[in-house]
Amino acid sequence: MKIYNTLTRRKEEFTPLEPGKVKIYTCGPTVYAYAHIGNFRSYVFSDIMRRTFEYLGYQVRQVMNITDVGHLTTDEVGTDKLELGAAREGKTPEEIARFYEKAFFEDAAKLNIQKPHITCRATEHIQDMIALIRRIEANGFAYHTKVGLIFDTMKYQDYARLGRLKLDEQKAGARVDVDPDRKNPSDFALWITNQPKHLMQWDSPWGKGFPSWHIECSAMSIKYLGERFDIHTGGVDHIPVHHTNEKAQNFAATGKEVVRYWVHGAFLTLGVTRMGKSEGNLVTISELESQGFEPAAFRYLCLTALYRSPLNFTEKSLKSAQNSLHGLLDFGRIASGWPEHEDSSWLKPYQEEFRSAVADDLNVPQALAVVWNLVHKANKQPDRNTWNTILDFDRVLGLGLKHLLSITSPVPEEVRRLAQEREQARTRKDWAEADRLRGRITELGYAIEDTPKGPRLKPQP
RNA sequence: GGCGGCAUAGCCAAGUAGUAAGGCAGCGGUCUGCAAAAUCGCAAUACCCGGGUGCGAAUCCCGGUGCCGCCUCCA
């Protein structure tokens with residue numbers, strides 16, 4: 001297995017800390033609004049990674065955080081996103097967080113994103129964060145300002161490495177005011193005590209307040225995966241600040257590098273700009289559904305690009321993905337009825353190609369190409385095991401092909417009757433009547449295919 | 001201003017030195033009563049532009065152009 005490590009900017013051979021086991025921490029959502037398909041592209045990526053390791057025989061332990069402590073917004077310093085959401089909807093921050101957390105996992109399930117083995121809420125780990133901050137402070141990496149307890153980034157020699165930052169040349173405060181009390185512009189808060197209006201406050205050795213964002217990931221990843229673990233995933237936007245700070249905290253607390261491979265997913269772009277909560281150009285899973293797209297079609301779209309490449313989302317590209325998915329299901333419908341070949345060894349090369357594609361830094365587009373090459377080959381050489389093989393591949397792809405095939409709703413009585421009548425007309429060679437009946441069937445949303453075994457009806461998308 | 005990334009057919013997108021995967025859409029042949037499905041074939045004349053290094057470059061180097069992201073919470 002090869003994986004691209006942001007730390008070295010190179011594809012590296014993956015070696016687990018413990019043989020046969022992989023520990024993955026996935027940066028989870030902030031639950032104050034519906035997650036959008038850009039977010040979900042990222043979680044499809046981490047899901048594919050997990051599935052690939054499982055496919056290759058590793059035992060995976062995946063942890064994901066739920067950020068239910070809000071963070072400062074741009075326009076109104078001191079207001080917390082969760083509290084904004086709460087005010088907007090007349091609810092408590094906790095109600096808001098639970099509501100959107102539930103929505104997140106429901107949408108994730110629609111996309112066949114496997115639930116991490118452990119999901120952990122920030123608000124339920126405040127004591128772990130405080131304990132970790134104490135270690136950071138005891139090791140001399142922190143100091144106080146009016147804001148609260150601040151991390152001294154200059155104490156960590158490797159601070160700039162992950163993000164390849166050139167701190168002296170960055171425009172500090174280009175977009176936000178600098179706290180004049182900080183020693184370095186890159187220093188960041190660990191615990192904030194100067195926001196008394198915040199609803200969410202906890203007692204701490206540094207006063208009543210709340211944790212800054214980065215510490216939750218350090219605290220919870222270490223708690224559930226240990227002071228050394230294999231992989232940390234997230235979006236590329238987290239490289240320069242969030243993960244850079246997290247890495248610094250990890251080192252400050254433990255004296256060692258906790259994460260071995262930092263892996264980041266690229267954005268889903270919408271035409272030319274990214275999709276973001278701040279950009280106001282969000283598309284949610286339910287919106288796609290109401291436009292007649294299946295969640296699995298969106299997942300398929302995600303599979304057509306490498307996780308490290310930006311993926312352009314347009315209605316056309318989604319439609320194309322949905323058509324491809326339907327084509328694959330059509331194949332499955334037919335292939336699952338084929339007899340088994342006495343010798344299926346011809347499938348071997350395809351299986352090996354698939355495996356090496358996904359093992360090569362999750363090259364899923366390549367793996368999909370293998371699937372289609374196999375489909376074409378199989379159409380000339382029918383063997384039921386082809387479909388079984390593709391279902392096996394689906395352990396990685398996660399399209400839920402088996403399920404999608406099974407849920408095809410039964411053909412309505414009327415459509416079946418019309419199809420029968422059409423068959424009778426065809427026997428009489430009354431083509432005009434046959435075509436008229438086919439027209440009716442089309443109007444009812446079904447397509448008809450004449451096969452040697454009789455007509456086949458399928459829902460028209 | 002700094003840092004990072006991207007630029008391959010109508011669309012989405014692999015390939016990253018050895019002569020352009022795959023999907024969608026399109027066109028033509030076979031099949032079909034006609035269709036559909038399947039199948040065969042067509043479709044980039046070399047992959048943003050200009051230099052350079054190679055026997056050889058989409059693939060490496062240099063210089064441009066365009067676009068995007070991060071530097072503020074964001075996947």
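From a predicted model like this one, the values you see are computed outputs, not experimental measurements.
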Name the nucleic acid region contacted by [X], choosing base, sugar-phosphate or nothing; use a 4.0 angstrom heavy-atom cut-off, strictly under.
{"X": "A/G234", "value": "sugar-phosphate"}
{"X": "A/Y43", "value": "sugar-phosphate"}
{"X": "A/P365", "value": "base"}
{"X": "A/G327", "value": "nothing"}
{"X": "A/S317", "value": "sugar-phosphate"}
{"X": "A/V370", "value": "nothing"}

Whole-Å gap separating [atom2] ([N]) and [atom1] ([X]):
{"X": "A/N312", "N": "B/rA14", "atom1": "CG", "atom2": "P", "result": "12 Å"}
{"X": "A/K377", "N": "B/rC40", "atom1": "NZ", "atom2": "C1'", "result": "15 Å"}
{"X": "A/R41", "N": "B/rC12", "atom1": "CZ", "atom2": "C1'", "result": "12 Å"}
{"X": "A/L7", "N": "B/rC3", "atom1": "CG", "atom2": "P", "result": "19 Å"}
{"X": "A/L311", "N": "B/rC67", "atom1": "CG", "atom2": "P", "result": "21 Å"}
{"X": "A/N323", "N": "B/rA25", "atom1": "CG", "atom2": "C1'", "result": "9 Å"}
{"X": "A/I239", "N": "B/rC68", "atom1": "CD1", "atom2": "P", "result": "19 Å"}
{"X": "A/H243", "N": "B/rC71", "atom1": "NE2", "atom2": "P", "result": "13 Å"}

Using the ring-ring contact (aromatic ring centres under 6.0 Å, His included) criterion, which residues pair with [X]? Sequence neighbours excluded.
{"X": "A/Y156", "answer": "A/F251"}
{"X": "A/F354", "answer": "A/Y55, A/F393"}
{"X": "A/W338", "answer": "A/F331"}
{"X": "A/F105", "answer": "none"}

Handout entry: Sub-4.5 Å side-chain heavy-atom contact between A/P455 and A/D450
Key = yes
Fill in the blank from the handout: Those residues at least two apart in sequence (or on a different chain) that pass side chain to side chain donor-acceptor pair (under 3.5 Å) with A/W346 are A/D383
Fill in the blank from the handout: Those residues at least two apart in sequence (or on a different chain) that pass side chain to side chain donor-acceptor pair (under 3.5 Å) with A/E433 are A/R436
Practice task
Could you tell me whether A/Y224 and A/H125 have their ring centroids closer than 6.0 angstrom?
Solution key: yes
Practice task
Please confirm whether A/F14 and A/Y261 have ring centers closer than 6.0 angstrom.
Solution key: yes
Does OP1 or OP2 of [N] have a side-chain N or O of [X] closer than 4.0 Å?
{"X": "A/S309", "N": "B/rC6", "answer": "no"}
{"X": "A/N379", "N": "B/rU39", "answer": "yes"}
{"X": "A/N363", "N": "B/rG15", "answer": "yes"}

Practice task
Assign each of A/K11 and A/A321 to its nearest nucleotide of RNA chain B by heavy atoms, then name whichever residue's nucleotide is nearer the 5' end.
Solution key: A/K11
Problem - Nearest-nucleotide comparison on RNA chain B, the residue closer to the 5′ end among A/H376 and A/K316 - result: A/K316
Between [N] and [M], how far apart are the two [atom1] atoms, rounded to whole Å?
{"N": "B/rC11", "M": "B/rC49", "atom1": "P", "value": "16 Å"}
{"N": "B/rA17", "M": "B/rG10", "atom1": "C1'", "value": "30 Å"}
{"N": "B/rG29", "M": "B/rC34", "atom1": "P", "value": "13 Å"}
{"N": "B/rA43", "M": "B/rA20", "atom1": "C1'", "value": "13 Å"}
{"N": "B/rA9", "M": "B/rG4", "atom1": "C1'", "value": "29 Å"}
{"N": "B/rA37", "M": "B/rU30", "atom1": "C1'", "value": "14 Å"}
{"N": "B/rG15", "M": "B/rA21", "atom1": "P", "value": "13 Å"}
{"N": "B/rU53", "M": "B/rA14", "atom1": "C1'", "value": "27 Å"}

Handout entry: Nearest listed nucleotide, side chain of A/K380, among B/rU39, B/rA75, B/rG22
Key = B/rU39
Handout entry: Nearest to side-chain heavy atoms of A/P240, which nucleotide of B/rC70, B/rA75, B/rC12
Key = B/rC70
Exercise for the section: Please work out whether B/rG64 sits syn or anti, treating a glycosidic angle within 90° of 0 as syn. Expected result: anti
Practice task
State, without any angle test, whether A/Y32 and A/D68 hold a side-chain donor-acceptor pair at a distance under 3.5 Å.
Solution key: no
Completion exercise
Per-residue pairing states of RNA chain B in dot-bracket (Watson-Crick or G-U under 3.5 Å; . unpaired, | other strand) read (((((((..(((.....[...))).(((((.......))))).....(((((..]....))))))))))))....
Problem - Protein-to-nucleotide contact annotation, 5' to 3' order, nucleotides 27-37 of chain B [B base; S sugar-phosphate only; - none; under 4.0 Å, heavy atom] - result: ------BBBBS
Exercise for the section: Taking salt bridge (charged side-chain N to carboxylate O under 4.0 Å, His left out) as the test, write out the residues that go with A/R395, two or more places apart. Expected result: A/D392
Handout entry: The single option from A/F104, A/F267, A/F313 passing ring pair (Phe, Tyr, Trp, His ring centres under 6.0 Å) against A/F40
Key = A/F104
